[in-house]
Amino acid sequence: MPVDQSLQVTAISAFDDNYLWLIHDHEYAAIVDPGDATAVEAALATHQLKLAAILLTHHHADHAGGVPALLRHWDVPVYGPARERIPGIDHPLLEGDVVTLTSPSLQLQVLDVPGHTAGHIAYVAADEHWLFCGDTLFAGGCGRLFEGTAEQMTQSLEKIAALPDNTKVYCAHEYTVSNLRFAVAAEPDNQRTAERLATAQALRARGIATVPSTIVEEKLTNPFLRYRAKSIIERLKNSGRLQVDDPIAAFAALREWKNVFR
Ligand SMILES: [Zn+2]
(Lines give C-alpha, C1' and ligand atoms only; values in the text may rest on other atoms or scores of the structure.)
Protein backbone atom coordinates (compact mmCIF):
# COMPACT_ATOMS: atom_id res chain seq x y z
CA MET A 1 0.00 0.00 0.00
CA PRO A 2 1.42 3.44 -0.88
CA VAL A 3 2.23 5.63 2.10
CA ASP A 4 -0.18 8.53 2.53
CA GLN A 5 2.07 11.60 2.56
CA SER A 6 -0.66 14.23 2.34
CA LEU A 7 -0.32 17.01 4.87
CA GLN A 8 -2.75 17.14 7.74
CA VAL A 9 -3.42 19.56 10.56
CA THR A 10 -4.52 18.01 13.83
CA ALA A 11 -5.71 19.91 16.90
CA ILE A 12 -4.19 19.06 20.28
CA SER A 13 -6.32 20.34 23.15
CA ALA A 14 -4.38 21.71 26.12
CA PHE A 15 -5.09 23.63 29.33
CA ASP A 16 -8.69 24.94 29.47
CA ASP A 17 -9.20 26.07 25.88
CA ASN A 18 -5.91 26.08 23.93
CA TYR A 19 -5.38 24.39 20.60
CA LEU A 20 -1.83 23.37 19.69
CA TRP A 21 -1.65 22.66 15.96
CA LEU A 22 0.20 19.58 14.77
CA ILE A 23 1.06 19.68 11.03
CA HIS A 24 2.16 16.27 9.78
CA ASP A 25 2.64 13.99 6.79
CA HIS A 26 1.88 10.78 8.76
CA GLU A 27 5.56 10.40 9.61
CA TYR A 28 7.06 13.79 10.51
CA ALA A 29 5.39 16.65 12.34
CA ALA A 30 5.79 20.34 13.04
CA ILE A 31 4.06 21.73 16.11
CA VAL A 32 2.69 25.28 16.32
CA ASP A 33 2.75 26.85 19.81
CA PRO A 34 3.51 23.86 22.06
CA GLY A 35 2.45 25.35 25.38
CA ASP A 36 2.15 21.87 26.90
CA ALA A 37 4.93 19.36 26.06
CA THR A 38 3.08 16.42 27.64
CA ALA A 39 0.08 16.92 25.38
CA VAL A 40 2.36 17.15 22.33
CA GLU A 41 4.30 14.00 23.26
CA ALA A 42 1.04 12.11 23.75
CA ALA A 43 -0.24 13.19 20.31
CA LEU A 44 3.07 12.27 18.64
CA ALA A 45 2.91 8.83 20.25
CA THR A 46 -0.75 8.30 19.32
CA HIS A 47 -0.17 9.16 15.66
CA GLN A 48 3.33 7.55 15.57
CA LEU A 49 5.01 10.78 14.45
CA LYS A 50 8.53 12.14 14.78
CA LEU A 51 8.84 15.80 15.73
CA ALA A 52 10.74 17.78 13.05
CA ALA A 53 10.18 21.46 13.90
CA ILE A 54 8.70 23.84 16.45
CA LEU A 55 6.94 27.03 15.30
CA LEU A 56 6.10 29.79 17.79
CA THR A 57 3.84 32.81 17.32
CA HIS A 58 4.55 34.70 20.57
CA HIS A 59 6.11 34.41 23.99
CA HIS A 60 3.14 33.62 26.26
CA ALA A 61 3.67 30.48 28.34
CA ASP A 62 0.56 28.71 27.05
CA HIS A 63 2.16 28.91 23.59
CA ALA A 64 5.91 28.50 24.22
CA GLY A 65 6.08 26.85 27.67
CA GLY A 66 6.60 23.32 26.36
CA VAL A 67 9.67 24.13 24.26
CA PRO A 68 12.42 23.25 26.83
CA ALA A 69 10.89 19.83 27.58
CA LEU A 70 10.42 19.01 23.88
CA LEU A 71 14.03 20.00 23.12
CA ARG A 72 15.27 17.54 25.77
CA HIS A 73 13.72 14.77 23.71
CA TRP A 74 13.86 16.10 20.13
CA ASP A 75 16.81 17.83 18.44
CA VAL A 76 14.75 20.10 16.20
CA PRO A 77 14.86 23.69 14.91
CA VAL A 78 12.76 26.26 16.77
CA TYR A 79 11.27 29.07 14.68
CA GLY A 80 9.78 32.13 16.36
CA PRO A 81 9.44 35.90 16.49
CA ALA A 82 12.74 37.80 16.23
CA ARG A 83 11.29 40.64 18.28
CA GLU A 84 10.53 38.52 21.36
CA ARG A 85 12.90 36.79 23.77
CA ILE A 86 11.90 33.14 23.89
CA PRO A 87 14.44 30.57 25.13
CA GLY A 88 15.19 27.94 22.50
CA ILE A 89 14.56 29.95 19.33
CA ASP A 90 17.39 29.32 16.85
CA HIS A 91 15.57 30.61 13.75
CA PRO A 92 14.33 34.15 14.55
CA LEU A 93 11.77 35.38 12.02
CA LEU A 94 10.47 38.69 10.68
CA GLU A 95 7.84 39.54 8.08
CA GLY A 96 8.93 38.44 4.62
CA ASP A 97 10.90 35.47 5.90
CA VAL A 98 9.95 32.05 4.56
CA VAL A 99 10.20 28.84 6.57
CA THR A 100 10.96 25.85 4.34
CA LEU A 101 10.58 22.43 5.92
CA THR A 102 11.42 19.27 4.02
CA SER A 103 9.69 16.73 6.29
CA PRO A 104 6.85 17.51 6.48
CA SER A 105 7.18 19.27 3.13
CA LEU A 106 5.86 22.74 3.86
CA GLN A 107 6.54 26.39 3.09
CA LEU A 108 5.35 29.07 5.50
CA GLN A 109 5.43 32.81 4.95
CA VAL A 110 5.85 35.02 7.99
CA LEU A 111 3.69 38.04 8.82
CA ASP A 112 4.43 40.54 11.60
CA VAL A 113 1.16 40.93 13.51
CA PRO A 114 1.90 42.97 16.64
CA GLY A 115 -0.90 43.95 19.04
CA HIS A 116 -1.54 41.05 21.41
CA THR A 117 2.20 41.03 22.07
CA ALA A 118 4.84 43.39 20.66
CA GLY A 119 6.56 40.89 18.38
CA HIS A 120 3.74 38.46 17.53
CA ILE A 121 4.09 36.72 14.16
CA ALA A 122 1.75 34.56 12.07
CA TYR A 123 2.51 31.78 9.58
CA VAL A 124 0.82 31.47 6.18
CA ALA A 125 0.94 28.23 4.20
CA ALA A 126 0.01 29.79 0.86
CA ASP A 127 -0.23 26.54 -1.12
CA GLU A 128 -2.46 24.89 1.46
CA HIS A 129 -4.41 28.08 2.33
CA TRP A 130 -3.69 27.78 6.04
CA LEU A 131 -3.08 30.55 8.56
CA PHE A 132 -1.61 29.96 12.02
CA CYS A 133 -2.24 33.23 13.81
CA GLY A 134 -1.77 32.47 17.52
CA ASP A 135 -3.68 34.99 19.63
CA THR A 136 -4.11 37.70 16.96
CA LEU A 137 -7.33 36.75 15.18
CA PHE A 138 -9.82 34.38 16.82
CA ALA A 139 -12.98 32.85 15.42
CA GLY A 140 -15.39 35.75 15.93
CA GLY A 141 -12.91 37.87 17.87
CA CYS A 142 -9.31 39.00 18.39
CA GLY A 143 -6.63 38.84 21.05
CA ARG A 144 -6.40 41.29 23.92
CA LEU A 145 -4.03 44.22 23.50
CA PHE A 146 -1.43 43.33 26.12
CA GLU A 147 1.63 44.95 24.56
CA GLY A 148 0.49 46.71 21.38
CA THR A 149 -1.80 49.57 20.40
CA ALA A 150 -5.21 49.50 18.75
CA GLU A 151 -3.60 50.99 15.66
CA GLN A 152 -1.03 48.16 15.46
CA MET A 153 -3.73 45.54 15.96
CA THR A 154 -5.94 46.99 13.20
CA GLN A 155 -2.96 46.90 10.82
CA SER A 156 -2.19 43.31 11.82
CA LEU A 157 -5.80 42.23 11.35
CA GLU A 158 -5.98 43.99 7.98
CA LYS A 159 -2.95 42.03 6.78
CA ILE A 160 -4.72 38.84 7.80
CA ALA A 161 -8.04 39.89 6.24
CA ALA A 162 -6.21 40.43 2.93
CA LEU A 163 -5.42 36.70 2.67
CA PRO A 164 -7.57 34.67 0.24
CA ASP A 165 -11.15 34.13 1.41
CA ASN A 166 -10.77 30.35 1.57
CA THR A 167 -7.76 30.50 3.92
CA LYS A 168 -8.37 28.36 6.99
CA VAL A 169 -7.82 30.23 10.24
CA TYR A 170 -6.07 28.06 12.83
CA CYS A 171 -6.28 30.24 15.93
CA ALA A 172 -5.01 29.13 19.32
CA HIS A 173 -8.08 29.16 21.57
CA GLU A 174 -11.66 27.89 21.64
CA TYR A 175 -13.24 31.26 22.42
CA THR A 176 -15.77 31.21 19.59
CA VAL A 177 -19.07 31.12 21.47
CA SER A 178 -18.17 33.94 23.87
CA ASN A 179 -16.70 35.94 20.97
CA LEU A 180 -19.85 35.53 18.89
CA ARG A 181 -22.13 36.41 21.82
CA PHE A 182 -20.27 39.70 21.89
CA ALA A 183 -20.37 39.99 18.10
CA VAL A 184 -24.18 39.72 18.18
CA ALA A 185 -24.33 42.45 20.82
CA ALA A 186 -22.04 44.69 18.75
CA GLU A 187 -23.85 44.10 15.46
CA PRO A 188 -27.36 42.80 16.21
CA ASP A 189 -28.63 43.32 12.66
CA ASN A 190 -26.01 40.93 11.19
CA GLN A 191 -28.01 37.78 10.51
CA ARG A 192 -24.90 35.78 9.56
CA THR A 193 -23.39 36.45 12.99
CA ALA A 194 -26.52 35.21 14.76
CA GLU A 195 -26.54 32.07 12.61
CA ARG A 196 -22.84 31.50 13.24
CA LEU A 197 -23.39 31.78 17.01
CA ALA A 198 -26.15 29.16 16.87
CA THR A 199 -23.91 26.82 14.86
CA ALA A 200 -20.98 27.29 17.25
CA GLN A 201 -23.18 26.66 20.30
CA ALA A 202 -24.49 23.44 18.74
CA LEU A 203 -20.92 22.25 18.01
CA ARG A 204 -19.72 23.04 21.53
CA ALA A 205 -22.72 21.27 23.06
CA ARG A 206 -21.39 18.13 21.36
CA GLY A 207 -17.79 18.87 22.37
CA ILE A 208 -16.70 19.60 18.78
CA ALA A 209 -14.10 22.28 17.95
CA THR A 210 -15.40 25.37 16.15
CA VAL A 211 -12.04 26.02 14.49
CA PRO A 212 -10.53 26.35 11.98
CA SER A 213 -12.78 29.02 10.51
CA THR A 214 -12.13 30.79 7.21
CA ILE A 215 -11.10 34.32 6.32
CA VAL A 216 -14.38 34.98 4.51
CA GLU A 217 -16.38 33.82 7.55
CA GLU A 218 -14.39 36.22 9.72
CA LYS A 219 -14.82 39.12 7.30
CA LEU A 220 -18.59 38.60 7.32
CA THR A 221 -19.12 38.17 11.08
CA ASN A 222 -16.11 39.18 13.20
CA PRO A 223 -16.67 42.68 14.64
CA PHE A 224 -12.91 43.21 14.94
CA LEU A 225 -12.67 43.03 11.14
CA ARG A 226 -15.92 45.01 10.78
CA TYR A 227 -15.29 47.98 13.09
CA ARG A 228 -15.78 50.39 10.18
CA ALA A 229 -19.35 49.13 9.64
CA LYS A 230 -21.94 51.86 10.11
CA SER A 231 -24.14 49.82 12.44
CA ILE A 232 -21.20 48.99 14.76
CA ILE A 233 -20.07 52.64 14.85
CA GLU A 234 -23.63 53.76 15.65
CA ARG A 235 -23.95 51.18 18.41
CA LEU A 236 -20.67 52.35 19.98
CA LYS A 237 -21.80 55.99 19.78
CA ASN A 238 -25.32 55.40 21.07
CA SER A 239 -23.97 53.54 24.10
CA GLY A 240 -21.55 56.36 24.92
CA ARG A 241 -18.45 54.25 24.14
CA LEU A 242 -17.31 56.35 21.17
CA GLN A 243 -17.30 60.11 20.79
CA VAL A 244 -15.23 60.70 17.66
CA ASP A 245 -15.35 59.72 13.98
CA ASP A 246 -12.19 57.66 13.86
CA PRO A 247 -11.90 53.97 12.92
CA ILE A 248 -8.96 53.30 15.27
CA ALA A 249 -10.90 54.83 18.17
CA ALA A 250 -13.88 52.67 17.16
CA PHE A 251 -11.69 49.56 17.22
CA ALA A 252 -10.26 50.53 20.63
CA ALA A 253 -13.77 51.15 22.00
CA LEU A 254 -14.94 47.80 20.67
CA ARG A 255 -11.96 46.00 22.26
CA GLU A 256 -12.58 47.76 25.62
CA TRP A 257 -16.27 46.85 25.49
CA LYS A 258 -15.37 43.19 24.83
CA ASN A 259 -12.99 43.24 27.83
CA VAL A 260 -15.92 43.93 30.18
CA PHE A 261 -18.66 42.10 28.24
CA ARG A 262 -20.37 39.23 30.12
ZN1 LIG B 1 -1.14 35.07 24.12
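Everything numeric here is computed off the predicted structure, so don't read it as measured data. Counting starts at 1 for both ligands and their atoms, following the listed order.
Judged as a salt bridge (Lys or Arg N to Asp or Glu O under 4.0 Å), the pairs with a partner in residues 77-89 (not counting sequence neighbours) are, in order, Arg83-Asp112. The list of salt bridge (Lys or Arg N to Asp or Glu O under 4.0 Å) pairs with a residue in residues 243-262, not counting sequence neighbours, reads Lys237-Asp245.
Note: Trp257 and Phe182 meet the aromatic proximity criterion, with ring centroids under 6.0 Å apart.
Protein-derived N/O/S atoms nearer than 2.8 Å to the Zn ion (ligand 1) total 4, waters excluded.
Scanning for salt bridge (Lys or Arg N to Asp or Glu O under 4.0 Å) contacts around Arg241 gives an empty result, with sequence neighbours left out.
For Arg192, the CZ atom is loosely surrounded, since the number of other residues' heavy atoms within 6.0 Å does not exceed 12.
Of the residues listed (Gln152, His59, His120), the one engaging Glu147 in a side-chain hydrogen bond (donor to acceptor under 3.5 Å, both in side chains) is His59, and it is the only one.
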